[in-house]
Amino acid sequence: LEADIERKAIRMIAIRSPLADDLRRTVAAMKIASNLERCGDLAKNIAKRTLVLIEAEPIMPLTRSIERMGRLVQGRLKDVLDAYTASDVARADQVWSSDDEVDEHYNSLFRELLTYMMADPRTITACAHLLFVAKNLERIGDHATNIAEIVHYQITGDEMDAGLRPKTDALA
């Protein structure tokens with residue numbers, strides 16, 4: 001789908017020579033498709049890890065933490081895509097400014113997983129898989145933030161200052 005969107009966008013640029021809003025809209029579609037394709041790759045990795053985790057002894061507190069993080073990231077992705085379809089810059093900006101919440105969730109989960117692994121070495125394999133799941137979720141959250149920046153630019157024509165992007169993923 002990403003390649004199809006890219007081909008159609010390039011064809012439209014070549015044939016119609018769009019300007020200003022139309023050009024930003026076309027380029028935004030290509031960039032958003034690329035970010036969503038990467039989200040799909042990360043989701044596939046999460047699914048692979050989940051298949052391995054199904055066979056392991058459940059670690060309920062951690063499973064609930066991963067579920068909460070997954071719901072948080074899913075909500076961010078939904079919100080930013082809704083902002084894109086509605087051309088709602090305020091909603092996109094809200095997703096962008098809340099990136100640190102996902103990072104904080106990841107950092108907390110990272111420390112929690114390390115504690116479990118140190119306390120009981122039998123949990124190392126499952127915790128390592130959960131750590132990869134958490135990191136993939138955090139990266140999907142980053143893609144939602146990237147999309148928010150794209151939506152902001154598409155609507156306003158102004159780039160967001162990347163230096164002001166809220167980041168607290170010191171462990172990344």
Side-chain angles (χ1 to χ4, degrees), residues 1-54 66-106 109 128-169 171-172:
L1 288 173
E2 177 198 10
D4 187 45
I5 289 169
E6 186 175 315
R7 273 191 302 281
K8 288 177 179 175
I10 290 171
R11 185 173 192 275
M12 202 229 347
I13 291 169
I15 292 173
R16 299 191 183 210
S17 301
L19 300 172
D21 290 346
D22 292 333
L23 181 59
R24 285 196 312 269
R25 185 173 295 117
T26 303
V27 171
M30 285 184 356
K31 288 182 169 186
I32 290 170
S34 176
N35 275 275
L36 290 174
E37 191 274 334
R38 290 187 190 111
C39 288
D41 290 342
L42 294 166
K44 181 179 174 182
N45 291 339
I46 290 169
K48 286 179 182 179
R49 300 283 179 176
T50 302
L51 291 174
V52 173
L53 285 166
I54 288 171
I66 290 284
E67 287 174 14
R68 275 193 308 274
M69 187 175 180
R71 282 191 300 276
L72 178 67
V73 169
Q74 182 181 16
R76 295 291 190 278
L77 199 54
K78 180 188 181 314
D79 287 346
V80 79
L81 293 175
D82 287 348
Y84 172 65
T85 58
S87 294
D88 184 345
V89 72
R91 195 166 185 182
D93 290 352
Q94 175 58 38
V95 170
W96 183 84
S97 64
S98 64
D99 181 54
D100 57 344
E101 187 177 353
V102 173
D103 295 338
E104 288 169 7
H105 218 80
Y106 171 72
L109 195 51
H129 286 293
L130 287 169
L131 184 58
F132 281 110
V133 168
K135 185 59 180 175
N136 286 327
L137 287 171
E138 189 271 333
R139 290 177 67 203
I140 291 171
D142 287 343
H143 284 293
T145 304
N146 291 345
I147 293 170
E149 290 174 356
I150 294 164
V151 170
H152 179 93
Y153 179 74
Q154 176 206 322
I155 296 168
T156 66
D158 297 322
E159 290 184 22
M160 299 183 95
D161 186 350
L164 298 177
R165 186 174 186 173
K167 293 299 287 176
T168 57
D169 58 346
L171 300 173

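For V73 against G141, the heavy-atom pair with the smallest separation is CG1-N, 3.7 Å. Contact record, S98 with R76: OG-NE, 2.8 Å, taken as the closest heavy-atom pair. Closest approach of I66 and V133 over heavy atoms only: CG2-CG1, 3.8 Å. Of all heavy-atom pairs spanning A92 and A148, the tightest one is O-CB, 3.2 Å. When all heavy atoms are compared, the tightest approach of R91 to A83 is CB-CB, 3.8 Å. Nearest approach of A134 to L109, heavy atoms of both residues: CB-CD2, 3.6 Å.
By the 6.0 Å contact criterion, CD on E159 is open, its count of non-hydrogen atoms from other residues, nucleotides or ligands being 12 or less. When the shell of 6.0 Å around CG of L1 is examined, it contains 12 or fewer heavy atoms from other residues, nucleotides or ligands.
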For V95 and I147: C-alpha separation, side-chain torsions, deciding distance, then whether side chain to side chain contact (heavy atoms under 4.5 Å, CB included) applies.
CA-CA 9 Å; V95 170; I147 293 170; over 6 Å; no

Side chain to side chain contact (heavy atoms under 4.5 Å, CB included) between I32 and V80, worked out:
CA-CA 10 Å; I32 290 170; V80 79; over 6 Å; no

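Atoms OH and CG, from Y84 and L36 in turn, are 9.5 Å apart once rounded to the nearest 0.5 Å. Between the NE2 atom in H105 and the CG atom in D100 there is a gap of 13.0 Å [rounded to 0.5 Å]. Between atom OH of residue Y106 and atom CG of residue N136 there is a gap of 9.5 Å, rounded to the nearest 0.5 Å. Atom CD of E138 is separated from atom CG of L42 by 10.0 Å, given to the nearest 0.5 angstrom.
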Acceptor/donor pairs from residues 2-18 side chains to any protein atom, 3.5 angstrom cut, sequence neighbours excluded:
| unit_1 | atom_1 | unit_2 | atom_2 | d |
| --- | --- | --- | --- | --- |
| E2 | OE2 | S34 | OG | 3.4 |
| D4 | OD2 | K8 | NZ | 3.2 |

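In this structure, the side chains of R68 and L72 stay at 4.5 Å or more apart for every pair of heavy atoms. Side-chain contact between V102 and T145: absent, with no pair of heavy atoms (C-beta onward) separated by less than 4.5 Å. Residues D79 and Q94 have side chains not in contact (no heavy-atom distance under 4.5 Å, counting atoms from C-beta outward). Residues Y153 and M160 are not in side-chain contact: their nearest non-hydrogen atoms beyond the backbone lie 4.5 Å or more apart. A 4.5 Å side-chain heavy-atom check between T156 and V89 finds at least one atom pair inside the cut-off. The shortest distance between side-chain heavy atoms of I150 and V27 does not fall below 4.5 Å.
A donor-acceptor pair shorter than 3.5 Å can be found between the side chains of H152 and D93.
For residues 18-33, the set of pairs meeting the salt bridge (Lys or Arg N to Asp or Glu O under 4.0 Å) definition, not counting sequence neighbours, comprises D21-R24, D22-R25.
Every residue meeting the side-chain hydrogen bond (donor to acceptor under 3.5 Å, both in side chains) condition with N35, not counting sequence neighbours, appears here in chain and number order: H143, N146.
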